[in-house]
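Written below as structure tokens is the structure these notes are about.
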Amino acid sequence: MGSPEEARGRLPQLRLDELLEELQARLDAARGTRDRVHSLLEAVLSVGRELDLEQALHSIVEAAASLVDAEYAALGVIGPDGRRLSAFHTVGVSAEQIAEIGPYPEGHGILGELIRHPEPLRLAKISEHPASYGFPAHHPPMNTFLGVPIRVRDHVFGNLYLTEKRGGAQFDEEDVSVTQTLAVAAGVAIDNARLYEESRLRERWLRANAEITHSLMSGRDRTEVLALIAERAGEITGSALTAVALPMQDTGSLVVEIAVGMDAEAHRGLVLPLQNSLMGLAFSGASPVSSADVGGDERISPEPPRFEGLGPAVAVPIGTGPAGPRGVVLLARKIGQPAFTATETDPLKAFAGQAALAMELAERREEAEEVAVLKDRDRIARDLHDLAIQRLFATGMTLQSAGRFIEHEEAAERVVRAVDDLDETIKIIRSTIFGLRTREGTGEAGLRARAVRVVGQAAAVLGFAPSVRMEGLLDTDVPKDIADHVVAVLSEALTNIARHAHANRADVLLATDGRQVRLSVTDNGAGIPAGGRRSGLRNMAERAEQLGGRLELGSPQGGGTALTWRVPARKE
């Protein structure tokens with residue numbers, strides 16, 4: 001041991017070392033705080049530069065994870081209902097892990113706690129919180145947790161979720177403060193990205209409206225304009241399927257005239273009831289109707305299957321004047337994509353007004369053309385009556401008078417025959433005049449409406465509503481006598497299903513290409529028994545043979561009966 005003097009000399013030295021160590025620690029803390037503030041500023045600037053909303057959200061998650069040194073981070077976007085998450089952006093979990101875990105969370109457990117109570121939440125161990133009820137299979141282990149809400153204009157947009165601080169440390173108050181600061185900057189960035197996205201969306205709608213208006217003014221066909229409207233609406237809203245349905249007169253049904261996109265063939269020509277279909281509900285209610293999952297919506301009939309792979313959908317009526325909607329536009333996105341919001345639906349209603357205008361202009365153009373044709377017919381009838389008939393009558397009188405001076409018997413007979421021919425010609429011309437002065441259309445329903453009526457009547461006997469699809473110009477290209485046979489065969493086929501098939505599903509397809517009419521009726525029943533009565537089938541076959549066509553019978557995959565009746569669209 002040293003002397004007391006030496007001990008007293010070492011004490012100041014020890015205290016000086018302690019002070020130096022404390023000073024060094026404070027300098028390191030100040031440097032760390034400076035670096036962290038610098039990192040926070042960089043993160044705020046990085047997030048603020050993003051104008052694409054999806055990219056901005058991903059940048060926010062990455063910045064949050066880096067600032068608090070978290071292994072895993074996520075940003076959950078709260079849906080329109082304010083109770084569930086509609087989108088989930090993650091950092092730290094690979095695509096393979098996400099696929100193994102399954103669907104993204106909807107906002108239960110700890111994640112839902114922040115939705116219900118939008119205040120910062122810091123936990124040392126997630127499993128110890130009362131709201132926690134574990135993780136799904138293949139989920140990475142998580143203990144420490146920090147959650148902070150993100151507000152956009154005093155509205156909670158979503159929440160930042162941070163877990164597993166690296167090095168086994170706990171999230172501290174400084175982490176909470178830094179994350180809250182980032183959340184404020186994130187709210188501003190999200191608001192800017194939203195405003196930019198909305199301005200770009202308005203610009204695209206305006207360009208599409210201008211294109212539609214130009215098409216209308218250039219006199220394009222109604223069907224072409226409606227197809228263009230469907231294409232542009234689908235492109236702007238990011239829809240996988242766009243369809244336009246119009247009402248069928250005197251049937252209480254809609255027929256899908258235009259379908260563009262995913263499985264369009266399954267929709268084109270489909271006849272839909274005003275109940276049990278999204279388009280029918282929008283038409284009858286004269287207001288937009290949306291669905292979060294169009295394939296599993298209880299309001300929509302699952303038959304025929306037509307929405308496989310599709311999720312969010314919205315149906316918007318075309319025009320809502322005193323006479324009611326003129327039709328409906330349906331837009332559907334793929335499963336997993338966001339639902340249609342009011343921000344998207346409002347411009348859609350205005351855009352659907354363009355479709356109503358297209359239909360109005362087309363009708364007025366058709367009426368004007370019809371009036372012009374009728375006026376021309378009246379003029380031709382007048383000319384035939386005032387000029388042709390009078391001259392033919394005068395010629396006949398002249399020949400009749402001249403015939404008395406002809407002595408040659410054979411020549412006199414020829415003159416008499418010529419006079420008779422002139423009389424017959426005058427009768428034909430008068431009949432033609434009468435036809436020209438008679439307006440077309442007797443008020444009788446066309447083949448489309450008659451077929452839908454037959455199917456509707458059969459539904460009561462069948463116990464279910466058959467699905468109906470129609471293709472081609474059935475009311476224009478199929479003459480009445482052949483249409484009568486088609487209706488009779490359709491009625492007989494559905495009656496046979498009700499009596500003998502024991503089916504719970506039937507599909508009707510009625511189509512024409514202008515040269516041939518094809519009626520297909522398929523069911524999933526017991527099929528045609530061997531040796532059973534075939535009087536109904538024989539009648540259908542005889543009708544086809546009478547018109548130069550044929551009847552074909554088969555069995556679809558899965559059982560049942562497939563009946564196909566084909567005849568020429570016009571008699572030779």
Side-chain angles (χ1 to χ4, degrees), residues 241 253 255-256 259 262-273 275-277 293-310 335 451-472 474 485-513 516-545 549-567:
L241 171 73
S253 302
V255 60
V256 180
M262 187 172 169
D263 290 335
E265 287 299 324
H267 295 262
R268 198 174 294 122
L270 197 63
V271 177
L272 302 171
Q275 300 80 28
N276 301 326
S277 70
D293 179 15
V294 71
D297 197 316
E298 293 181 353
R299 298 171 297 171
I300 304 169
S301 169
E303 302 294 342
R306 57 195 186 279
F307 293 119
E308 186 177 355
L310 295 173
I335 291 175
V452 171
R453 195 173 296 124
V454 167
V455 172
Q457 292 168 351
V461 181
L462 289 165
F464 60 89
S467 72
V468 184
R469 285 183 60 197
M470 298 187 182
E471 299 174 359
L474 293 165
H485 286 286
V486 172
V487 172
V489 171
L490 175 59
S491 179
E492 181 72 29
L494 293 174
T495 301
N496 284 347
I497 293 174
R499 287 177 178 171
H500 312 296
H502 306 293
N504 57 20
R505 176 180 170 184
D507 301 305
V508 175
L509 171 62
L510 180 55
T512 183
D513 57 3
Q516 185 186 72
V517 182
R518 177 166 58 95
L519 171 64
S520 296
V521 182
T522 307
D523 66 72
N524 65 346
I528 302 174
R533 292 182 60 189
R534 296 175 177 253
S535 56
L537 295 175
R538 186 164 53 251
N539 290 338
M540 288 186 258
E542 287 174 356
R543 286 180 183 273
E545 291 168 5
R550 66 183 184 278
L551 172 69
E552 298 172 355
L553 298 172
S555 180
Q557 187 176 5
T561 303
L563 179 151
T564 303
W565 191 83
R566 306 170 189 267
V567 296

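When reading the values below, keep in mind they use all heavy atoms of this one structure, side chains included, and skip hydrogens, waters and symmetry mates. Residues take their numbers from the sequence shown, with the count starting at 1. Just so you know, these numbers come straight off a predicted model, no measurement behind them.
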Checking side chain to side chain contact (heavy atoms under 4.5 Å, CB included) for the pair Leu563/Leu537: CA distance, chi angles, key distance, verdict? CA-CA 9 Å; Leu563 179 151; Leu537 295 175; 4.0 Å; yes
Is there a side chain to side chain contact (heavy atoms under 4.5 Å, CB included) between Val294 and Ile300? Walk through the geometry before answering. CA-CA 7 Å; Val294 71; Ile300 304 169; 3.7 Å; yes
Decide side chain to side chain contact (heavy atoms under 4.5 Å, CB included) for Val271 and Val508; before the verdict, give the C-alpha distance in whole Å, the side-chain angles of both, and the deciding distance to 0.1 Å. CA-CA 10 Å; Val271 177; Val508 175; over 6 Å; no
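Contact record, Met262 with Leu241: O-CD1, 3.4 Å, taken as the closest heavy-atom pair. Nearest heavy-atom pair, Val255 versus Gly269, reported as atom, atom and distance to 0.1 Å: CG2-O, 3.9 Å.
Panel note: side chain Trp565, backbone Met540; a donor-acceptor pair is recorded below 3.5 Å. Remark: side-chain polar atoms of Asp513 are paired, donor with acceptor, to backbone N or O of Gln516 under 3.5 angstrom. With hydrogens and angles ignored, the 3.5 Å screen pairs no side-chain donor or acceptor of His267 with any backbone N or O of Val256. In this structure, Arg299 contributes its side chain and Asp297 its backbone to no donor-acceptor pair below 3.5 Å.
Note on residues 502-512: pairs passing salt bridge (Lys or Arg N to Asp or Glu O under 4.0 Å), not counting sequence neighbours, are Glu303-Arg505, Arg505-Asp507.
Counting heavy atoms from C-beta outward, Leu510 and Val517 have side chains that approach closer than 4.5 Å. Between His500 and Asp523, the closest side-chain pair of non-hydrogen atoms is not below 4.5 Å. Side-chain atoms of Asp263 and Leu310, non-hydrogen and from C-beta on, never get closer than 4.5 Å to each other. Between Leu490 and Leu519, some side-chain heavy-atom pair lies under the 4.5 Å cut-off. Annotation: side chain of Val452 is in contact with side chain of Met470 (closest heavy-atom distance under 4.5 Å).
Taking the side-chain hydrogen bond (donor to acceptor under 3.5 Å, both in side chains) definition, one finds that Asn504 meets it with Asn524, sequence neighbours left out. With sequence neighbours excluded, no residue forms a side-chain hydrogen bond (donor to acceptor under 3.5 Å, both in side chains) with Gln275. Shown here are the salt bridge (charged side-chain N to carboxylate O under 4.0 Å, His left out) partners of Arg268, two or more places apart in sequence or in another chain: Glu265. Remark: Glu471 pairs with Arg469 by the salt bridge (charged side-chain N to carboxylate O under 4.0 Å, His left out) rule, at least two apart or across chains.
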Would you be so kind as to tabulate the donor-acceptor pairs closer than 3.5 Å made by side chains of residues 551-558, with sequence neighbours excluded?
unit_1 : atom_1 : unit_2 : atom_2 : d
Glu552 : OE2    : Arg550 : NE     : 2.6
Glu552 : OE2    : Arg550 : NH2    : 3.1
Ser555 : OG     : Gly560 : O      : 3.3

